[in-house]
Amino acid sequence: MNRFAIQDLIKWKDSARRKPLIIEGARQVGKTWLVMDFAAKHYKSLAYINFENQKNLRDIFADNFNIERILQTISIATGKIISPGETLIFLDEIQEADNGVTALKYFSENAPEHHVIAAGSLLGISLHKHTSFPVGKVQFLTLRPMSFFEFLDAIGEEMLRKAIEAKNLDIANSFASKLTELLKKYYYIGGMPEAVLSYVQRQDSKEVRAIQQDILRSYDLDFSKHAPTEIVPRIRQLWNSIPTQLSRENRKFIFGLIKEGARAREYEVALQWLIDAGLIYKVSNVTAPRIPLKAYEDPKAFKIYALDLGLLGAMTELDEKTIIDGNRIFVEFKGALTEQYVLQELILHHAPYYFSKSNSKLEIDFLIQMNGEIVPLEVKAEENLKAKSLSQFVADNHSPEAYRLSMSSYRRESWMTNIPLYAAETI
């Protein structure tokens with residue numbers, strides 16, 4: 001399968017300012033596979049250590065940071081002669097090694113000629129615990145589930161993907177019906193690489209759902225294994241409330257929906273744990289649509305989304321037929337699933353927010369900064385082209401650019417552009 005993040009790794013390899021690279025991302029989004037694929041294509045050899053499995057190596061950084069000794073140990077453990085620029089050193093599950101992240105500083109300072117990548121499933125949590133983090137000595141890359149464009153490549157539709165990416169409107173509109181059906185398939189399968197690979201190889205929806213359920217079970221086990229015991233019940237309660245939170249027309253996160261009488265202060269640590277583990281996305285409201293959006297973030301008003309829309313469907317036991325064929329009572333959650341999809345596509349290139357006024361019905365699903373402007377986006381699950389909030393926002397703020405995402409084809413109007421949902425990643 002083709003992961004677009006490999007282009008980021010190529011740029012890192014060729015960069016004159018290359019430093020050890022930390023790849024973040026939730027469990028099973030394909031971090032290890034990506035680095036292995038990258039090493040096979042762009043290096044003569046790979047020195048791979050997995051600190052979760054190779055427990056005897058967890059203390060190689062514990063006593064000191066003598067790089068010569070560390071390199072010799074890695075060479076013996078992997079059976080590889082390590083040559084600068086020709087060997088990729090891959091330290092997987094580095095959070096399990098004593099002083100593992102700190103050691104990256106010494107690779108940067110004392111052995112910059114060596115190419116080092118570190119990764120870990122729960123690295124985000126570990127990084128927040130470190131008192132000695134190598135600030136300015138490492139680079140970061142976040143890997144997320146496969147996007148719809150990556151899904152198209154995986155199922156053999158690379159040419160169609162390239163046409164949409166190039167915004168070839170004639171071709172896109174000609175294949176709109178096919179793309180819509182493929183998008184609905186993606187809604188069910190999602191972007192977890194194992195689920196996508198299973199679909200490509202066997203096209204068995206039940207097997208895809210079984211894989212998704214296995215992934216969800218592994219996350220639940222992580223709660224008990226890695227989170228502080230006192231917050232595990234709250235993590236589970238919050239995690240299990242995600243479908244309920246998203247099923248509401250106003251998707252603002254409500255702590256009272258976790259359980260009756262729940263308060264923010266009781267669940268703040270659990271919420272942050274899930275964010276650090278890469279299992280949820282948090283999108284904040286802004287008090288005003290001004291640049292920079294971050295400066296107007298309202299910390300008390302936000303939405304949360306799941307890591308992956310396929311996993312979200314599995315959490316709710318949403319069947320394939322309902323997603324693809326529709327259902328007269330599949331209304332509110334169809335909107336939630338569509339918004340989840342758009343969020344996953346946007347977050348690949350932008351830092352999205354939303355805008356909602358407490359004293360009015362006006363709500364903009366997403367706001368992004370682009371080319372020095374605030375760009376509003378409204379999401380529609382079908383071809384409903386009414387966009388009252390978007391129209392009002394554009395009028396109030398004189399927005400030079402605005403987008404509506406729907407199942408309708410490309411359409412440019414005087415005040416906004418309709419983007420087909422299957423082309424969300426082009427924004």
Using a 3.5 Å distance criterion without hydrogens, assess whether the side chain of Asn285 forms a donor-acceptor pair with backbone atoms of Asp298. no
Residues Ile419 and Ala424: closest non-hydrogen pair is CG2-N, 4.4 Å
Grab the two heavy atoms, one from Gly278 and one from Ala26, that are nearest each other, plus how far apart they are. O-CB, 3.5 Å
Do the side chains of Phe393 and Leu367 get nearer than 4.5 Å, heavy atoms only? yes
Show your reasoning for whether side chain to side chain contact (heavy atoms under 4.5 Å, CB included) applies to Ile323 and Tyr186. CA-CA 10 Å; Ile323 294 175; Tyr186 177 71; over 6 Å; no
Taking Ser408's backbone N and O only, do any of them form a donor-acceptor pair with Asn418's side chain (distance below 3.5 Å, no angle check)? yes
Asp308 side chain to Gly310 main-chain N or O, any donor-acceptor pair under 3.5 Å? yes
May I ask you to decide if Val116's main-chain N or O and Arg18's side chain share a donor-acceptor pair within less than 3.5 Å? no
Would you check, one step at a time, whether the test ring pair (Phe, Tyr, Trp, His ring centres under 6.0 Å) holds for Phe253 with Phe255? CA-CA 6 Å; Phe253 187 81; Phe255 284 96; 4.9 Å; yes
Side chain to side chain contact (heavy atoms under 4.5 Å, CB included) between Gln369 and Lys294: does it pass, once the steps are laid out? CA-CA 10 Å; Gln369 287 179 208; Lys294 180 71 176 176; 5.8 Å; no
Check the angle between the aromatic planes of Trp239 and Tyr219 and answer parallel, tilted or perpendicular using the 30° and 60° thresholds. perpendicular
Report the C-alpha separation of Met1 and Val196 in whole Å, then their side-chain angles, then the decisive distance to 0.1 Å, and conclude whether the side chain to side chain contact (heavy atoms under 4.5 Å, CB included) test is met. CA-CA 9 Å; Met1 292 190 294; Val196 174; 3.9 Å; yes
Side chain to side chain contact (heavy atoms under 4.5 Å, CB included) between Phe151 and Glu157, intermediate numbers included: CA-CA 9 Å; Phe151 173 75; Glu157 296 290 352; over 6 Å; no
Side-chain donor-acceptor pair present, Glu268, Gln272, cut-off under 3.5 Å: no
For Ser391 and Arg404, test the side chains for any donor-to-acceptor distance below 3.5 angstrom and give the result as yes or no. no
Would you say the side chain of Tyr305 lies within less than 4.5 Å of the side chain of Leu312, judging by non-hydrogen atoms? no
Below 30° counts as parallel, above 60° as perpendicular, anything between as tilted: where do the rings of Trp273 and Phe223 land? perpendicular
Do you know which of Tyr188, Tyr187, Phe366 makes ring-ring contact (aromatic ring centres under 6.0 Å, His included) with Tyr341? Tyr187
Treating Glu378 as the side-chain partner and Leu390 as the backbone partner, does any N or O pair qualify as donor plus acceptor under 3.5 Å? yes
Are Glu320 and Arg209 ion-paired here, with the side-chain N under 4.0 Å from a carboxylate O? no
Consider salt bridge (Lys or Arg N to Asp or Glu O under 4.0 Å). Of Arg3, Arg161, Arg144, which one does Glu150 pass it with? Arg3
Lys13/Glu86 salt bridge by N-O under 4.0 Å criterion: no
Looking at Lys31 and Glu24, does any basic side-chain N land under 4.0 Å from a carboxylate oxygen? no
Hey, are the side chains of Ser389 and Ile364 touching, using non-hydrogen atoms and a 4.5 Å cut-off? yes
Ion pair check, Glu339 and Lys303, cut-off under 4.0 Å: yes
With distance as the sole test, does Tyr281 use its side chain to make a donor-acceptor pair with the main-chain N or O of Leu307 at under 3.5 Å? yes
Side-chain H-bond candidate by donor/acceptor type, Tyr410 with Asn173, under 3.5 Å: no
With no hydrogens and no angle check, do the side chains of Tyr267 and Gln237 hold a donor and an acceptor under 3.5 Å apart? yes
May I ask you to check whether Phe148 and Tyr422 place their ring centres under 6.0 Å from each other? no
Are any of the side-chain nitrogens in Glu158 or Lys162 under 4.0 Å away from the carboxylate oxygens of its partner? yes
For Arg217, is there an ion pair with Asp214 - N to carboxylate O distance below 4.0 angstrom? yes
